[in-house]
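Every value quoted in this text rests on a predicted model; they were computed, and no experiment measured them. Proteins get letters first, then strands, A, B, ... in listed order; numbering begins at 1 in each.
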Amino acid sequence: MTELPKAYDPTQVEPRWYRVWQENQFFHADATAPKAPYAIVIPPPNVTGSLHMGHALFATLQDILIRWRRMQAYNAMWLPGTDHAGIATQMVVERTLQREEGKSRHDLGREEFLRRIWAWKEKNGHRITEQLKQMGCSLDWERERFTLDEGLSRAVCEAFVRLYEEGFIYRAQRLINWCSRCTTALSDLEVEHSETEGSLWHIAYPVSGSSERLIVATTRPETLLGDTAVAVHPEDERFRHLIGRNALLPLTDRQIPILGDAQLVDREFGTGAVKVTPGHDFNDFETGQRHQLPAISIFTLEGRTNENVPTAYRGLTIVEARQRVVADLETAGLLVKIEPHQLSVGHCQRCETVVEPLLSLQWFVRAAPLAAPAIEAVELGKTKIVPEVWTKTYMHWMRNIKDWCISRQLWWGHRIPAWYCAACQEPTVARETPTRCAHCAGTSLRQDEDVLDTWFSSALWPFSTLGWPAETRELKTFYPTSVMETGYDILFFWVARMMMMGLHFMKKVPFRTIFLHALVVDEQGDKMSKVKGNVIDPLDVIHGATLDELLNKAREGGAPETALDRIRKQFPEGIPASGADALRFALAAMAAQGRNIRLAPARIEGYRHFANKLWNAARFALLNLEGFDPDRYADQPQEELRAKLTLADRWILSRLQATAEEVNRALEGFQFNEAAQSIYRFLWSELCDWYIELAKPALYDRSPEGSQRHHLTQGVLATALETACRLLHPFMPYITEEVWQQIPQPSGTPQSIMITLYPMADSTMVDEEAEASMALVQETIVAVRNVRAEYNISPAVVLTVTIIAEHELARARIDAQRGPILQMARLSELQVFAAGQPPAGTAACVIAGGIIVCVSVAWQIDKTAELQRIAKELTKLERDRAQVAGKLGNASFLARAPREIVEKEQQRLAENEERIAKLESSRQRLQRL
RNA sequence: AGGCACGUAGCUCAGUGGGAGAGCACUACCUUGACACGGUAGGGGUCGGCGGUUCAAUCCCGCCCGUGCCUACCA
């Protein structure tokens, strides 16, 4: 047996195992296997992406679920893939093209540009999937999919055509969100609103045929050029007489009607009069429809004023137009005043350009009828949302859903399968390129230039990846999938739409459970961003990074100097290599439901130490497992074995059982943090702190008389460690595999921990007597150590102890555990009496059960200090006694509280009084000295 | 504006209608034959504030203060 290095080094261990697992096909699920299926499809990251903490979190949580279920003998399938991220990817390649060749995509033409993007994707599109491998993700790579794959493209086309034929997709001239930088339409969800300081301009509109002026208030004076009405409240006395008359639109020669509209106008706001611009405002658009107003579009797709404005204002950007309009109004004496005003402005999610409402002919999905079944499925519990709080949000959004604009003026994506007839202009929607117009049989057809929203293809992901529209074996086995695990921020983008599409096309929900995790933010609770310099790159955590490397990377990412300073301050020594295991454990341990995860580097470091602790426990075990015969140990009849075990053996096996139970229960409920905590406690606080220490004498004993005990101890230690590894494996796959491989195993054991069985709760291993007895032993030992620390007695000094235990059971328990107590408390002598007073020269502690532990400290007993010690203890006990006595003295408590509670309190009081009495007597005795 | 969270030890966070917890940090002691990425012991909290329900509230309810997020509107 080769000796393991003293400190665990993840960088030496982690890279080895992934390949082994993959080569042995452990990640692959067979759709025909006669096992209960458990499937997760990955929420596909953007193909342009690079692993960030959000990815690391979902990767961790999903891998935990998959590895756990796989070990529970489910047919566990985790499907990997990426999405084509229309806008983001096209932007990346356009930028490169501009930088390297000084060309735009239009210079290259559609075909050539697409060829370039594909080339880019082939070269760079594997980055994120490779990074997921470093996280240890047991993804079924044979099933990897990309939203623009041939199969998925067919699915997208099929879905579009069917929805069109069924009347769920239509084309219409509507006001949509337009990003003039990306030159494409966006859905409502792709617009991010942020509060901005703006102004409210008060502008005078002369009333035609009168000297009156109607003052309107607006935040967008430039859109005045597209006004087609002015509105006031119909019941507003100030303006009622103007309704039905016309106003002269300033800076133009147009007359526009003054109308009354109670829905649009808030009498209290601004001046009580509103300009109506149906071409550039969503509310005004609706107002326009109510009053049959024309909608005038005054901007081009690039965001400049067009031919619909007077010549003097043509060709200006929105900002220029505003300046010019305001200046001219002022000159004309029509600008009444300017007030500061806060408003929220929509920005493009991808490029942060201000989004403009624009009239445009686009394709839409009629959402409400598709949402109805998705609402019902959640109401009926066919799909469960965890944490449950999100159900309300889901319902609210679904019930108020608006039609979804799905066409995008991009090149990278699924081209819309619609062809327009040169003769009649009508669209023909078809699966294959049509030769004749469906309306007039014309033969001159041109395909729609636009592509579909990336999220349209994502909505089909749970079944398109499994082969739909073909009726594949995969679909039959793995659909509906078991869990959709993702961040709550894409509940609407994705999860909701997948529910709609899944139910529509498959007639079944796409997943049984939706688990929404929290977002990873920095220690202060801020979103991680390059500008702030608070990004922690999971890869740096895994592999480590020097300060220079961190700074260089931040600079390349365009981080400002303030961000660099923050990095210098936070990581003066760089980031140590903690390994994927430590990162995963940290994320799991912090993934409490319904909270943001503030990622504290100290926590990750703490779990790196945890890995090291496991490593060293394994080192200890391996150094002491020489000669251990796992088959011989495993073949012993259980009852025979149980009879020979020590208290410590029975205790640790009982704790192991309880831990397995807790971990499984926690994972069933997606309580990753509780599962992690439970294993952590078992390994560190129980196995290492107590069992290993208690096992040492037997393990070190090589005498012939001790050989049976030696072997049994080896067996229990090996069992505890091996089982703990299996419990921990879904969380820390690498180190558990490395350690597990070295533990001697009975013959017939699988070749990898990842295909062993997950420890299940076995109630026959719970040993309450052992746990109670052990608690007493531990308390006794701690009492002695406490005295040692308070008297500052070196651990090297061997002490003698006298225990006075009135109760027979306690006396018997202690008496039976003399050996372990002598060893752990470092005693040379232990006397146990049924009654009596603490001997002179001892420090006395009263522990549970009224047991007095008297530690001999004669040579340095300090009467004052000892009295103080006792006084402190008494204060605590007396405070507690008063509280309990108060409760028990309350008649209504006795009358109304459940009997168990009353009994418990009575017991507590008795216990307390016993301890107080004993301490008091110690004190009096001491004072007499 | 509406909705939803959150406020617990110095920091990051668990938790529960009936005796306040973890990790990190802190203090003291310890190179004991797995581990100083360690061991032993310890200090530290009016569980945001004020009311209410209850025999009993950190937990349930209401109000207030503070923080964050989401949705909608904002002429």
Do A/N616 and A/R619 have side-chain N/O donor and acceptor atoms under 3.5 Å apart? yes
With a cut-off of 6.0 Å (strictly less than), are more than 12 heavy atoms of other residues, nucleotides or ligands near CZ of A/R899? no
Using a 3.5 Å distance criterion without hydrogens, assess whether the side chain of A/R681 forms a donor-acceptor pair with backbone atoms of A/T659. no
Integer angstrom distance from the P of B/U8 to that of B/U58: 15 Å
Output the residues of residues 889-899 of chain A in contact with RNA chain B, where contact means a heavy atom of the residue under 4.0 Å from an atom of the strand; sort by number or write none. A/N890, A/S892, A/F893, A/R896, A/A897, A/P898
Tell me what A/A273 touches on the nucleic acid: a base, only sugar-phosphate, or nothing, going by heavy atoms under 4.0 Å. base
C1' atoms of B/G38 and B/G33, separation to the nearest Å: 15 Å
Review item, nucleotides 26-28 of chain B N/O atoms under 3.5 Å of protein N/O:
none

Assuming nearest nucleotide by heavy-atom distance, tell me which of A/K876 and A/S794 is located more 5' along RNA chain B. A/S794
Check A/E662 with A/R665, please: is the shortest side-chain N to carboxylate O separation under 4.0 Å? no
Which residues pass the salt bridge (charged side-chain N to carboxylate O under 4.0 Å, His left out) test with A/R267, sequence neighbours left out? none
Going 5' to 3' along nucleotides 33-39 of chain B, which nucleotides have protein heavy atoms under 4.0 Å from the base (write B), which only from the sugar-phosphate (write S), and which from neither (write -)? BBBSBSS
So, A/E190 side chain and A/S187 main chain: donor-acceptor pair closer than 3.5 Å or not? yes
Separation of A/D188 atom CG from B/C73 atom P, in whole Å? 9 Å
Hey, does A/L200 reach any base, or is it just sugar-phosphate, or nothing, if we go heavy atoms under 4.0 Å? sugar-phosphate
OP1 or OP2 of B/A41 versus the side-chain N and O atoms of A/R785: is any pair under 4.0 Å? yes
Rounded to the Å, how far apart are A/H193 NE2 and B/G2 P? 19 Å
Apply ring pair (Phe, Tyr, Trp, His ring centres under 6.0 Å) to A/Y691 and list each qualifying residue two or more places apart in sequence or on a separate chain. none
Rounding to an integer number of angstrom, what distance separates B/G51 and B/G45 when you compare their C1' atoms? 23 Å
Contact class for A/E905 (heavy atom, under 4.0 Å): base, sugar-phosphate, or nothing? sugar-phosphate
Which one of A/T287, A/D227, A/T228 satisfies the side chain to side chain donor-acceptor pair (under 3.5 Å) criterion with A/T277? A/D227
In whole Å, I'd like the distance from the NE2 atom of A/H396 to the P atom of B/A72. 9 Å
A/Y394 ring center near A/W390 ring center (under 6.0 Å): no
Kindly say if A/R908 contacts the phosphate of B/G19, meaning a side-chain N or O under 4.0 Å from OP1 or OP2. yes
Closest nucleotide of RNA chain B for A/E790 versus for A/T271: which of these residues is on the 5' side? A/E790
Whole-Å gap separating P (B/G19) and CD (A/E900): 14 Å
Can you tell me how far C1' in B/G43 sits from the matching atom in B/A25, rounded to whole Å? 13 Å
P atoms of B/A28 and B/G18, separation to the nearest Å: 38 Å
For the pair A/D284 and A/T223, evaluate side-chain contact (heavy atoms from CB on, under 4.5 Å) and give the outcome as yes or no after the intermediate values. CA-CA 12 Å; A/D284 291 1; A/T223 62; over 6 Å; no
Please find the pair of heavy atoms, one from A/T486 and one from A/V495, that lie closest to each other, and give the distance. CG2-CG2, 3.7 Å
Pairwise P distance, B/U46 and B/U31 [rounded to whole Å]: 37 Å
Between B/G18, B/U12, B/C69, which nucleotide gets closest to the side-chain atoms of A/I901? B/G18
B/C59 versus B/G42 - spacing of their P atoms, nearest Å: 30 Å
Kindly assign one of parallel, tilted or perpendicular to the pair A/Y680 and A/Y607, based on the angle between their ring planes and the thresholds 30° and 60°. perpendicular
What's the CE-P distance between A/M395 and B/U71, to the nearest Å? 18 Å
Are side-chain heavy atoms of A/E905 and A/L909 found at a separation under 4.5 Å? no
CG of A/L683 versus P of B/A22: gap in Å, rounded? 18 Å
Report the distance from atom CD of A/E903 to atom C1' of B/A56, rounded to the nearest whole Å. 18 Å
Nearest whole Å is fine: how far is B/C70 P from A/E190 CD? 16 Å
Using a 4.0 Å heavy-atom cut-off across all strands, classify A/H341 as base, sugar-phosphate, or nothing. sugar-phosphate
Answer with base, sugar-phosphate or nothing: what part of the nucleic acid does A/V782 contact at a heavy-atom distance below 4.0 Å? sugar-phosphate
With heavy-atom distances below 4.5 Å as the criterion, would you say the side chains of A/F670 and A/P387 are in contact? no
Greater than 12 external heavy atoms within 6.0 Å of A/Q907's CD: no
Consecutive-pair stems (at least three Watson-Crick or G-U pairs, under 3.5 Å) that include RNA chain B: B:1-7 with B:65-71, B:10-13 with B:21-24, B:26-30 with B:38-42, B:48-52 with B:60-64
Taking the C1' atom in each of B/G23 and B/G62, what is the distance between them to the nearest angstrom? 36 Å
On the 0 to 90° scale, with breaks at 30° and 60°, tag the A/F620-A/Y700 ring pair as parallel, tilted or perpendicular. perpendicular
